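The structure displayed is predicted, hence computed values, not measured ones. Chain naming here is simple, since letters A, B, ... match the order of the sequence lines and numbering starts at 1 in each.
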Amino acid sequence: MIKKFYITTPIYYVNDKPHLGHAYTTIAADILARYHRFIGDEVFFLTGTDEHGAKVAKSAEKVGKTPKQFCDEISALYTSLWDALNISNNDFIRTTDQRHEIGAKKFIEKLREADAIYEGSYEGLYCTGCEKFLTEKELVDGKCPDHKICPDKISEKNYFFKLDKYAKKVQELIEKDKIKIEPENIRSEVLGLFKQELENFSVSREKVAWGIKVPWDESQVIYVWVDALSNYITALGYGSSNDANFKKYWPTDLHLMGKDIIKFHAIYWPAMLLAAKLAVPKHIFANGYFTVNGQKMSKTIGNVIDPNDLVKKYGSDAARFLIISQFPFGQDGDVKAEKFDEQFNANLANGLGNLVSRVTAMYLKLDLKKCKGKVLENKEVVRLVTNAWKNYEKFMEENKIDQSLKTTFSLVKFANEYISVEKPWELFGKDDEKCALVLCNLIEIIRHIAWMIYPFLPETAENILTQFSMWDEESKLEYAKLKKWKRFDLDLQVKKAQALFPRI
RNA sequence: CGCGGGGUAGAGCAGCUUGGAAGCUCGUCAGGCUCAUAACCUGAAGGUCGGCGGUUCAAAUCCGCCCCCCGCAACCA
């Protein structure tokens, strides 16, 4: 039976242009999506942009644009980055899409019907200059940092969600891993939140114009978390006449996100889904945060890394590789600009690129056609590759994508050592059959490496396989066949190609 | 007493759950090789595993206290 696999990134807030963090989460999702397609799952991979709220309206106004124009422009920055990074999402949802509006309204309506919503009042510090509520933390000496005035304490009518009604159940689901939360430390952090006070949260706003109107009270706009989170179902057609995808793909197999928004995904979202009598997500995974040179990435410090620059400098595949392999997936990590060059050269140029290059050259230089049909199998090498696949899969299933990549590159290392030990150039003319065996083993190892990196570096994988004229035929094969050791003969059409990753 | 993460060779990290000769990548140094993208392979130098104390035949690993970094707490992955 074919398994379905629904994977999402958060929808990104358009108040900011995309940075390394957005790219990180999205590339990770793409790798997992590609992997699952690769092994034969039916995949739906969703990403998108979150476009409502006072902040966006404000930013738009500042540059003299309508909110919609503003959103169109920023949202396009995301889609073009995803193009540049070869992201294979099946859909891209914007919260300003009509389909989303319909679904989101339907969803909040459902919450109300379930008696999960009540009218209350929200009290906060409102700055008339900003036209928004400020938190205590934002204030400087009790004043709005932008307008230097004391905000007014005012209250407005809001609708609230009865989180207290569902929290216990959500907690139970998490404890029993019905909603599996990873990594472990994030899970315990979430469970810790239940011990503290979890307050009912507001699901609407009165003083915000840029948003989706609450269906039963048009003086209110649906507040961010209901609006944003519901994208995961509205993109599948929830609430519309065409909800085939919703029926097929819901619930989510994997919600991927940065750790900052875990609370909303792990607690608020399942609670709302329970209220609406929908299935809850199966798995939530929070990735870590980047610091740059030991400091948090921030616009004010000016250390924000633009993923577009990485693509320009290293190319799409290498940028994917560099971004994803900086530190273990699920943990925080620090990056330095110099490190990108270093790792590019070490792993891609000197490692993989050079391996392909030297094996290709040897194969073309040493004429071993007379050994055709006499090439044996080397059990040790076969076992090594089989084992590598086992580990690779295990890590992938555990979302340890950096480990899968490491496993793959350990084969690169092995192949390079193997060449040094066997010295094909010395064997040639002395023991041609042995020489042929070594070269065939090497090419076969490279074939396996190519398929392993396929979800990570799709273009490179195709390039390598094309170089050995394997792509056309193999790309049609099933996963189970691809990963089997293949003994092939010496009649391959091998082309000398350009360096995969020229050294920097 | 808010919650959580971390402090291991020059740099970045793994190991800690289930105690038992300190490992990986990059860098440095010295050899080797010539098929290759000045690449590749081998070897070496370099660490009192944040501090103090405890448990133990044995602690980076378990326990206690202390010091120092960092993230989160209604909208920056």
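- Contacts of A/G53 with the nucleic acid, taken as non-hydrogen atoms under 4.0 Å apart, are absent.
- The separation of B/rC13 from B/rG7, taken at their P atoms, amounts to 9 Å, rounded to a whole angstrom.
- Between A/F414 and A/Y418, the ring planes are parallel. Angles under 30° get that label, and only those over 60° would be called perpendicular.
- Note on A/Y12: only backbone sugar-phosphate atoms sit closer than 4.0 angstrom, heavy atoms only; bases stay farther off.
- Nucleotide B/rC76 holds its C1' atom 6 Å from the NE2 atom of A/H22, rounded to whole Å.
- Using C1' as the reference atom, B/rC3 and B/rG46 are 39 Å apart when rounded to the nearest Å.
- Out of B/rA77, B/rU34, B/rA39, the shortest distance to the side chain of A/N350 is found at B/rA39.
- Comparing atom distances between the A/R205 side chain and each of B/rC41, B/rU37, B/rA74 picks out B/rA74 as nearest.
- B/rC62 and B/rG54 make up a base pair, with Watson-Crick or G-U wobble contacts both under 3.5 Å.
- At the heavy-atom level, A/L256 lies nowhere under 4.0 Å from the strands shown.
- Note on A/A361: only backbone sugar-phosphate atoms sit closer than 4.0 angstrom, heavy atoms only; bases stay farther off.
- Of the candidates B/rU42, B/rC76, B/rC35, B/rC76 carries the atom nearest the A/K55 side chain, counting heavy atoms from C-beta on.
- Which of B/rC35, B/rC41, B/rA77 sits closest to the side chain of A/N287 comes down to B/rA77.
- For A/K263 and B/rC3, the shortest distance from a side-chain N or O to OP1 or OP2 is not below 4.0 Å.
- Regarding contacts with the backbone of B/rA38, every side-chain N or O of A/R503 stays at 4.0 angstrom or more from both OP1 and OP2.
- Comparing B/rU34, B/rC41, B/rA36 against the side chain of A/E426 picks out B/rU34 as the nearest.
- For A/K413 and B/rA39, the NZ to P distance is 15 Å, given to the nearest whole Å.
- Atom P of B/rA11 sits at a distance of 16 Å from the matching atom of B/rC49, rounded to the whole Å.
- Within the 4.0 angstrom heavy-atom criterion, only backbone atoms of the sugar-phosphate kind lie near A/P10; the bases stay farther away.
- The nucleotide B/rC3 finds its pairing partner in B/rG71, both defining distances of the Watson-Crick or G-U wobble pair being shorter than 3.5 Å.
- One P atom belongs to B/rC63, the other to B/rU55, and the distance between them is 15 Å to the nearest Å.
- Distance from the side chain of A/T25 is smallest to B/rA77 among B/rC41, B/rA77, B/rA36.
- Here B/rA38 sits opposite no nucleotide as a Watson-Crick or G-U wobble pair (both hydrogen-bonding atom distances under 3.5 Å).
- Partner assigned to B/rG43 is B/rC29, using Watson-Crick or G-U wobble distances below 3.5 angstrom.
- B/rG71 and B/rA45 have their C1' atoms separated by 37 Å, given to the nearest Å.
- With B/rA77, B/rC75, B/rU37 as the candidates, the nucleotide lying closest to the side chain of A/S357 is B/rU37.
- Across the C1' atoms, B/rA36 and B/rC41 are found 13 Å apart, a figure rounded to whole Å.
- Between A/Y12 and A/Y78, the angle of the ring planes stays under 30°, which puts this pair in the parallel group of the 30/60° scheme.
- When heavy atoms are screened at a 4.0 angstrom cut-off, A/F201 is found touching no nucleic acid atom at all.
- When each of A/M362 and A/Q343 is assigned the nucleotide of RNA chain B with its nearest heavy atom, A/Q343 is the one assigned upstream, toward the 5' end.
- Of all nucleotides present, none satisfies the Watson-Crick or G-U wobble test against B/rC49 with each distance under 3.5 Å.
- The side chain of A/R358 lies closest to B/rC35 when the candidates are B/rU34, B/rC35, B/rA39.
- Rounded to whole Å, the distance from CG on A/N345 to P on B/rC26 is 11 Å.
- The nucleotide B/rU18 finds no pairing partner, because no Watson-Crick or G-U wobble arrangement with both distances shorter than 3.5 Å includes it.
- Residue A/L500 places its side chain closer to B/rU37 than to any other of B/rU42, B/rU37, B/rA36.
- No hydrogens or angles considered: nothing links the side chains of A/E206 and A/N158 as a donor-acceptor pair under 3.5 Å.
- Close to B/rC41, at under 4.0 Å from its OP1 or OP2, lies no side-chain N or O of A/K423.
- Closest to the A/W425 side chain, of the nucleotides B/rC33, B/rC76, B/rC40, is B/rC33.
- A straight line from CG of A/N347 to C1' of B/rG12 spans 13 Å, rounded to a whole angstrom.
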